Every structure is written in structure tokens, then in C-alpha cells.
Amino acid sequence: MTNPDKQNPVEASDVEAATKTETTQGSGTSSFSAITQRWKREDLVKKACPITRGLCLLFSLLAFIIMVSNKHGYGRNFDDYEEYKYVLAIAIISTVYTAWQTFVYLSKREFFDRRTSMLVDFSGDQIVAYLLISAASSAIPLTNRFREGQDNIFTDSAASAISMAFFAFVSLALSALFSGYKLSTHSFI
């Protein structure tokens with residue numbers, strides 16, 4: 001575990017010894033342990049945000065690939081139905097957005113100033129997450145109606161693409177929560 005000032009690493013035994021020393025001096029709660037808990041929480045947010053975006057990239061890409069390959073003859077092509085075209089379009093948008101965000105994170109470059117970057121992360125995550133759940137919810141009734149008549153590979157492929165879009169929504173919604181936390185704890189002064 002390291003501290004945010006990029007100083008020497010703090011050993012676990014040092015943390016335990018300092019915590020025991022402070023709590024035995026009669027303070028009851030330890031201010032040092034509160035600081036280390038905050039460091040752990042901030043490290044978790046720093047690690048979790050790119051992981052959730054990476055998962056969204058994976059699920060969006062799968063939704064895109066599955067929907068594009070859902071062509072099975074007359075009346076069983078995804079491009080015959082507006083709802084499935086919408087799922088495809090949003091999967092493309094989500095894939096491009098999360099690929100860009102992942103590239104920015106991995107390249108460690110700042111394309112905007114810090115404040116603008118945090119606002120773009122937060123608002124972009126929310127907008128794309130909304131589009132993903134909107135696309136999934138628009139295609140579910142059509143797929144259910146097709147499944148009432150017969151259950152075939154066309155409806156199975158559509159259902160799996162919708163599921164991937166929903167999983168992409170969940171992971172991007174979590175990313176939006178982490179982005180919102182980073183935005184709310186950042187000082188803009």
C-alpha cells in the first residue's frame with residue numbers, strides 16, 4: 001500500500017503498530033486508520049473504473065458482433081426490424097465510447113484539462129448507459145413476440161445480443177457511479 005503523495009510504501013506492520021498506539025492512548029477511534037481507509041477507497045475507485053469500462057467494451061463488442069451475425073434468411077434478418085437496428089447502432093456507439101475511454105486510461109495522456117475530463121467521463125458514462133438500456137428495452141418486446149410463435153436461432157441470437165447490451169449497461173452504470181464519486185471528491189479550486 002502506498003500513499004497518494006508518492007512517498008515510500010507504508011508497510012502493513014507499521015499501520016497496525018500505529019493503530020494500536022493511537023487507540024491505546026485513549027482516543028477511541030484512530031485518525032490514522034481513517035486516513036488509510038480513505039486511501040484504500042480511493043485506490044479501489046482508481047482500479048474499478050477502468051475495469052468496469054473494459055467490461056462494458058467487451059459486452060458492447062459482443063452485442064455488436066452477435067447482432068450483425070443475426071442473418072438467417074427471409075424475415076429472419078436483424079436489419080428487417082428497427083428495434084434490432086437500434087440495438088446495433090447503440091452497441092457501436094458504446095463500443096467506440098468505451099474503447100476511447102480505455103485508450104485514454106491506458107495511454108496515461110490527458111487530452112483535456114482535469115476538470116473537463118472528469119465531466120466528460122461522468123456525463124458520457126450516463127448518456128451511453130441510458131442509450132444501452134433504452135436499446136435493450138426497445139428490442140425485448142419484439143423478441144418476446146417472436147418467441148411466442150417459435151423459438152429458433154434468430155430469436156436466440158437476438159436475445160443474447162440484448163443480454164449483452166444489458167450487461168454493458170450494468171457495467172457502464174457502475175462506471176458512472178465511480179466517475180460521479182471522483183467528480184464529487186475532486187477539488188476544483
Side-chain angles (χ1 to χ4, degrees), residues 4 38 40-71 77-146 154-189:
R38 181 176 177 164
K40 288 178 185 178
R41 184 174 55 242
E42 289 174 355
D43 285 342
L44 176 69
V45 169
K46 284 181 185 176
K47 292 175 185 173
C49 198
I51 290 171
T52 55
R53 284 203 182 112
L55 285 173
C56 181
L57 175 62
L58 173 72
F59 292 136
S60 298
L61 189 61
L62 284 173
F64 166 68
I65 291 169
I66 292 169
M67 191 57 80
V68 165
S69 64
N70 197 6
K71 292 189 174 192
N77 294 328
F78 81 92
D79 52 358
D80 293 339
Y81 305 99
E82 293 295 321
E83 294 87 347
Y84 295 151
K85 288 181 187 178
Y86 183 51
V87 171
L88 178 68
I90 299 305
I92 291 170
I93 290 170
S94 176
T95 301
V96 169
Y97 171 75
T98 53
W100 172 255
Q101 289 288 351
T102 305
F103 170 74
V104 168
Y105 175 77
L106 293 176
S107 69
K108 307 249 188 248
R109 289 191 296 181
E110 301 251 345
F111 292 95
F112 306 110
D113 64 330
R114 187 84 174 145
R115 181 179 184 187
T116 306
S117 176
M118 293 175 91
L119 287 170
V120 166
D121 288 350
F122 179 63
S123 59
D125 287 351
Q126 285 193 340
I127 290 169
V128 175
Y130 170 76
L131 290 173
L132 281 166
I133 197 66
S134 166
S137 65
S138 72
I140 288 173
L142 180 65
T143 305
N144 284 339
R145 195 173 29 223
F146 285 153
F154 176 69
T155 57
D156 290 344
S157 295
S160 61
I162 293 167
S163 298
M164 292 300 115
F166 179 75
F167 291 146
F169 158 74
V170 170
S171 59
L172 202 56
L174 287 172
S175 179
L177 287 174
F178 294 130
S179 298
Y181 175 78
K182 286 195 302 189
L183 186 64
S184 68
T185 57
H186 187 72
S187 173
F188 293 113
I189 297 174

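No experiment lies behind these values; they were computed from the predicted model shown.
- Residues V87 and A135 come closest through the heavy atom pair CG2-O, 3.4 Å.
- The minimum heavy-atom distance between E83 and S138, with the atom names listed, is CG-O, 3.3 Å.
- Applying the side chain to side chain contact (heavy atoms under 4.5 Å, CB included) rule to L61 yields the partners F64, I65, T95; only residues at least two apart in sequence or on another chain are considered.
- Side-chain contact between L132 and C56 is present, with heavy atoms from C-beta onward closer than 4.5 Å.
- The minimum heavy-atom distance linking A129 with A173 is given by the pair CB-N, 4.3 Å.
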*Before giving the answer on side-chain contact (heavy atoms from CB on, under 4.5 Å), spell out for L55 and F167 the whole-Å C-alpha distance, their side-chain angles and the decisive distance to 0.1 Å.*
CA-CA 9 Å; L55 285 173; F167 291 146; over 6 Å; no
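- In this structure, the side chain of S171 engages the main chain of A168 through a donor-acceptor pair within 3.5 Å.
- Listed here is the closest heavy atom pair of I162 and A139: CD1-CB, 3.5 Å.
- Remark: K85 fails to qualify as a cation-pi partner of Y81 under the 6.0 Å distance and 45° angle criteria applied to the six-membered ring.
- Applying the side chain to side chain contact (heavy atoms under 4.5 Å, CB included) test to I93 and every residue at least two apart in sequence or in another chain returns I90.
- Pairs passing the side chain to side chain donor-acceptor pair (under 3.5 Å) check and including a residue from residues 61-70, sequence neighbours excluded, read N70-H72.
- Between S163 atom OG and D156 atom CG the span is 10.5 Å, to the nearest 0.5 Å.
- Closest heavy-atom contact between M67 and A161: CE-CB, 3.7 Å.
- Residues forming a side-chain hydrogen bond (donor to acceptor under 3.5 Å, both in side chains) with D125 (at least two apart in sequence, or on another chain): R53, Y97, S175, S179.
- Partners of R145 according to the side chain to side chain contact (heavy atoms under 4.5 Å, CB included) rule, which considers only residues two or more places apart in sequence or in another chain, are L142.
- Contact detail for K71 and F78: the closest heavy-atom pair is CE-CE2, 3.6 Å.
- For the atom pair T143 OG1 and F154 CZ, the distance stands at 7.5 Å (nearest 0.5 Å).
- In this structure S134 satisfies the side-chain hydrogen bond (donor to acceptor under 3.5 Å, both in side chains) test together with Y86, sequence neighbours excluded.
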